[in-house]
Amino acid sequence: MDRWHSAQEQVEDGPLVLIADTAHGPRIEAANAAGRAAGARAGMMLADARTLCPAIRTAPSDPAGDRALLEKLAEWAIRWGPWSALDPPDGLLVDVTAVAHLFGGEPQLLEDVAAAFARRHLTIRAAIAPTAGAAWALAHFGVQRSILASAERDQADMPALLAELPVAALRLDSDVLTVLRRLGLKRLGELTTIGRDALQRRFRNRRSPAANPLVRLDQLLGRVPEPLLPVVPQQMPLVQRRLLEPIRHRPLLDRVLEDLGEDMARALEGRAQGARRLELGMWRVDGEVMVRRLELAAATRDPAHICRLFAARLNDVDAGFGIEMLRLRASWAEPLALGQQDLEAAAEQHGTSLAACIDRLSVRLGEGAVTRPVLHPSHIPERAQRWQPPLAAQAPAQAELAFHQRPLKLLDRPERIAVLYATPDGYPQRFRWRGGVHDVARVEGPERIAPEWWRERGAARLRDYYRIEDREGRRYWIYRQGLVGDGRGGLPDWYLQGLCA
């Protein structure tokens, strides 16, 4: 990316370079178009440049300012992908995976990138490739707006596609490039002529990727991963809106913010989280990015509450020629369980609450056609609830029973299983259910439940319940009905009654 502002180039008549002081004298860090035409290049000593062009003018470089501008551009460039990363001193990496179709294809995506930077008076070279190393190589040494097409990416012949690029495309240190040139290796395709073993012996002590051609070559071809640090962390919930037409007026901005609040609430609900810090980014047509941050006293995912708080932060927003994209990100989130009152309140607003639904069904189908489960004080699992019409008078409150933990799903009827166990009264080792054999890995129990003597006959048998887990990690709730020698029948029977999480 060229650091020079085109308007500045029109004002400056003649070659101009930015210099930095070194132990050997001033060195050129950047040059404008006239300076490059006169022979000045980045990295050249100023004395050598003056030999080529005595009239060249100089100005001190500003590395801190360049870095700040690059970071700002990296955040702005997220408009083309879910994340971006810095490539100092003058490069950006943007993940455009599965994004190109939103712009009409990869060529159109690159055209949009070039046009957006041109509006900011910045000259760039851009490329699209399956790896960061290949994209860097094509952007610096390939044809302008190079694209490693999807059909070519699927082939295993990437080395042949990039073989004509110079070895400098591997992002190597200058001393390593000097060694390769002395060895007669000038193109990427020539690295394979001497074999990996020869390069490995020559650079076996080089640990840094920039000092080892083999590591850089493997990164370029995607054989080894290359870690990249996104400018904005991507592990937090994020929602956005790309607008067909830029908006300039506050009512439209509030409408888009309401949509983002609803989307963020759904994203947080799916993670069972609530937001403690929210960041609203607004991308203007002229390239400026406005960010408003909000910190909350407690975790929340109430969209109305979020919009009310942001409303006070948007009074000083200058939309300029219009805002074309908005993005809401929860940079700090905490666990927040879903409450039943939240579901009921949201349903009431849409007229679809449970009570309203029951009323409609009861009127249409009759009072006896709709029933609901109610708790019943019984230790027997299949009798622990009863069904009654929802419009019927509630029975007097009965004493609650301290039930043990029950599985998430109970079968309509306990199903008989064949169990192998070590001793007559021991826990099961293996059982067969619905045609499958399950080996037991873990057992918890037993929990003994006696029959209800006031409603059972004298021959009713005890139940011993076990929570078990098989070797595949599936968990079940089974019980043994009866004991050996209890005088109430033959051998005990085994049943499966519930499925655990």
Side-chain angles (χ1 to χ4, degrees), residues 1-77 84 86-94 110-127 135-146 165-169 171-175 177-178 181 186 210 284-289 320-321:
M1 180 174 56
D2 196 318
R3 306 182 196 180
W4 287 94
H5 195 291
S6 62
Q8 181 182 10
E9 291 184 356
Q10 295 173 3
V11 174
E12 300 292 349
D13 269 330
L16 177 66
V17 296
L18 301 181
I19 61 171
D21 292 329
T22 66
H24 302 285
R27 183 181 61 194
I28 297 177
E29 295 293 323
N32 65 353
R36 292 193 298 271
R41 296 289 183 271
M44 178 185 293
M45 302 305 295
L46 179 60
D48 298 334
R50 288 196 184 279
T51 302
L52 299 175
C53 181
I56 197 168
R57 289 181 296 173
T58 64
S61 64
D62 183 14
D66 291 343
R67 177 76 179 203
L69 175 61
L70 191 64
E71 291 177 353
K72 186 176 181 180
L73 289 175
E75 185 175 354
W76 173 68
S84 65
L86 298 178
D87 182 29
D90 57 359
L92 298 176
L93 294 169
V94 182
L110 289 181
E111 290 179 4
D112 186 76
V113 171
F117 276 91
R119 288 194 295 268
R120 303 195 68 167
H121 304 288
L122 291 170
T123 304
I124 65 167
R125 291 180 58 87
W136 190 97
L138 291 173
H140 285 76
F141 299 97
V143 180
Q144 176 67 298
R145 301 186 193 178
S146 298
L165 296 179
V167 292
R171 300 171 292 168
L172 297 170
D173 294 334
S174 57
D175 60 333
L177 293 176
T178 301
R181 292 191 185 99
K186 299 180 181 180
R284 295 196 328 192
V285 174
D286 58 2
E288 291 297 322
V289 181
F321 291 103

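Count residues from 1 along the sequence. The basis for the numbers below is simple: all heavy atoms, side chains too, and nothing from hydrogens, waters or symmetry mates.
Between the side chain of R36 and the main chain of A31, a donor-acceptor pair closer than 3.5 Å is present. Checked by atom type and distance alone, the side chain of R27 never pairs as donor or acceptor with a backbone atom of D21 at under 3.5 Å. Side chain of R145 to main chain of E111: no donor-acceptor pair is present (N/O by atom type, distance under 3.5 Å, no hydrogens or angles). Within the 3.5 Å criterion, the main-chain N or O of A74 finds a donor-acceptor partner in the side chain of S84. With hydrogens and angles ignored, the 3.5 Å screen pairs a side-chain donor or acceptor of Q144 with a backbone N or O of I124. Judged purely by atom type and a 3.5 angstrom limit, W76 has no side-chain atom pairing as donor or acceptor with the backbone of V289. In this structure, the side chain of N32 engages the main chain of G14 through a donor-acceptor pair within 3.5 Å.
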List the steps and the verdict of side chain to side chain contact (heavy atoms under 4.5 Å, CB included) for I28 and R41.
CA-CA 7 Å; I28 297 177; R41 296 289 183 271; over 6 Å; no
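Taking every heavy atom of both residues into account, L52 and A38 meet most closely at CB-O, 3.8 Å. In this structure, V285 and F321 approach most closely via the heavy-atom pair CG2-O, 4.2 Å. Pairing each heavy atom of D286 with each of R120, the nearest pair is O-CG, 4.3 Å. Here the closest heavy-atom approach between residue A49 and residue I56 is recorded as CB-CD1, 4.4 Å. Closest approach of A40 and V17 over heavy atoms only: CB-CG1, 3.9 Å. Across A139 and A127, no two heavy atoms sit closer than the pair N-CB, 3.7 Å.
Contact of the L73 side chain with the L122 side chain is registered, since non-hydrogen atoms from C-beta on lie closer than 4.5 Å. In this structure the side chain of L86 reaches within 4.5 angstrom of the side chain of R67, judged on heavy atoms. Residues L92 and D87 fail the side-chain proximity criterion, which asks for heavy atoms closer than 4.5 Å. Counting only heavy atoms from C-beta outward, the side chains of V167 and L177 approach each other to under 4.5 Å. Contact annotation: the side chain of M45 never approaches that of R50 to less than 4.5 Å [non-hydrogen atoms, C-beta and beyond].
Ring geometry for F141 against W136 counts as tilted: the plane angle lies between 30° and 60°, on a 0 to 90° scale.
Expressed to the nearest 0.5 Å, how far CG of L46 lies from CD1 of I19 amounts to 5.5 Å.
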